[in-house]
Amino acid sequence: MQGTLDLLILQTLAPGRAHGHAIARTIERRSDEVLQVGHGSLYPALQRLLRSALIAAEDGVSENNRKARFYRLTAKGRKQLYTETSKWERFSSAMARVLAPVAEEKS
């Protein structure tokens with residue numbers, strides 16, 4: 001769904017800053033490897049979120065002593081995360097209701 005990756009990135013950054021590879025790995029690990037985030041999807045999404053001022057970036061050094069760009073949520077990003085999470089919860093609840101087995105009517 002449109003915007004799903006953005007929501008996953010915002011949620012992943014909620015606890016604190018992370019670099020791109022860590023963001024992708026966290027999403028994969030938290031989804032039990034169901035969601036695979038490729039670099040071809042991740043980095044354009046990060047750029048889009050930066051342009052929208054939902055995240056900010058700063059250069060630093062990763063845990064294995066390599067140069068990396070670290071991303072963090074902005075105040076605007078936290079507000080967007082709350083809004084989008086609420087929408088997602090309503091959507092997923094509606095889908096669950098529609099997909100639930102329907103009890104057969106007795107005549």
Side-chain angles (χ1 to χ4, degrees):
M1 281 184 46
Q2 183 73 26
T4 304
L5 180 56
D6 292 1
L7 177 57
L8 293 171
I9 292 169
L10 294 176
Q11 179 61 41
T12 301
L13 292 174
R17 71 184 204 139
H19 56 77
H21 181 71
I23 293 168
R25 269 309 291 142
T26 299
I27 293 169
E28 291 168 3
R29 191 174 55 253
R30 290 186 66 190
S31 72
D32 292 330
E33 310 300 325
V34 172
L35 303 176
Q36 299 293 310
V37 182
H39 291 259
S41 299
L42 177 65
Y43 288 99
L46 289 169
Q47 292 304 310
R48 187 172 52 252
L49 293 169
L50 281 166
R51 282 192 306 275
S52 300
L54 299 176
I55 62 173
E58 57 191 29
D59 293 328
V61 178
S62 70
E63 57 279 352
N64 52 356
N65 214 26
R66 298 175 84 163
K67 287 181 5 179
R69 175 158 278 199
F70 288 83
Y71 302 91
R72 64 173 174 77
L73 277 183
T74 60
K76 183 178 176 183
R78 282 196 190 282
K79 184 176 180 182
Q80 184 72 12
L81 174 59
Y82 176 79
T83 299
E84 293 303 318
T85 299
S86 296
K87 286 180 188 177
W88 180 260
E89 288 170 350
R90 283 192 312 276
F91 174 79
S92 61
S93 177
M95 286 294 292
R97 287 190 304 273
V98 171
L99 294 174
V102 178
E104 289 186 30
E105 291 183 23
K106 295 188 179 190
S107 4

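Below, each value reflects all heavy atoms present in this structure, side chains not excepted, and no hydrogens, waters or symmetry copies.
- Linking ILVMFWY residues whenever their side-chain heavy atoms come closer than 4.5 Å, directly or via other members, places Leu5 and Phe91 in the same cluster.
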Evaluation steps, side-chain hydrogen bond (donor to acceptor under 3.5 Å, both in side chains), between Arg48 and Ser52: CA-CA 6 Å; Arg48 187 172 52 252; Ser52 300; over 6 Å; no
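- Ile9 is connected to Leu35 through a chain of hydrophobic side-chain contacts under 4.5 Å among Ile, Leu, Val, Met, Phe, Trp and Tyr, so both are in one cluster.
- Heavy atoms from other residues, nucleotides or ligands lying under 6.0 Å from CZ of Arg30 number 12 at most.
- Taking all atoms of both residues into account, the shortest heavy-atom contact from His19 to Ala68 is CB-CB, 4.0 Å.
- Hydrophobic clustering places Leu8 together with Tyr43 (ILVMFWY residues linked when any side-chain heavy atoms are closer than 4.5 Å, directly or through intermediates).
- Using a 4.5 Å heavy-atom threshold, the side chains of Leu54 and Leu73 count as separate.
- Side-chain contact check for Arg90 and Ser86: no donor-acceptor pair (N or O, by modelled atom type) lies under 3.5 Å.
- Remark: the backbone N or O of Ala22 is paired with a side-chain donor or acceptor of Thr26 at under 3.5 angstrom.
- Of the possible donor and acceptor atoms, none in the side chain of Thr12 sits under 3.5 Å from a partner among the backbone N and O of Ile23.
- Nearest heavy atom pair, residue Ala45 against residue Asp6, reads CB-OD1, 3.7 Å.
- Distance check, rounded to the nearest 0.5 Å: CD of Glu84 to CD of Gln11 gives 12.5 Å.
- In this structure, Arg78 contributes its side chain and Ala14 its backbone to a donor-acceptor pair below 3.5 Å.
- Checked against side chain to side chain contact (heavy atoms under 4.5 Å, CB included), Ser92 has the following partners two or more places apart in sequence or in another chain: Trp88.
- No path of Ile, Leu, Val, Met, Phe, Trp and Tyr side chains, each step under 4.5 Å between heavy atoms, connects Leu10 with Phe70, placing them in separate hydrophobic clusters.
- Within a 6.0 Å sphere centred on CG of Asp59, other residues, nucleotides and ligands contribute more than 12 heavy atoms.
- Leu81 CG to Thr74 OG1: the interatomic distance, rounded to the nearest 0.5 Å, is 10.5 Å.
- The closest donor-acceptor contact from the side chain of Ser41 to the backbone of Val37 lies at 3.5 Å or more, if one exists at all.
- Under 4.0 Å is where a charged nitrogen must lie from a carboxylate oxygen, and between Glu33 and Arg25 at least one such pair does.
- The environment of Arg29 atom CZ is dense: over 12 non-hydrogen atoms of other residues, nucleotides or ligands sit within 6.0 angstrom.
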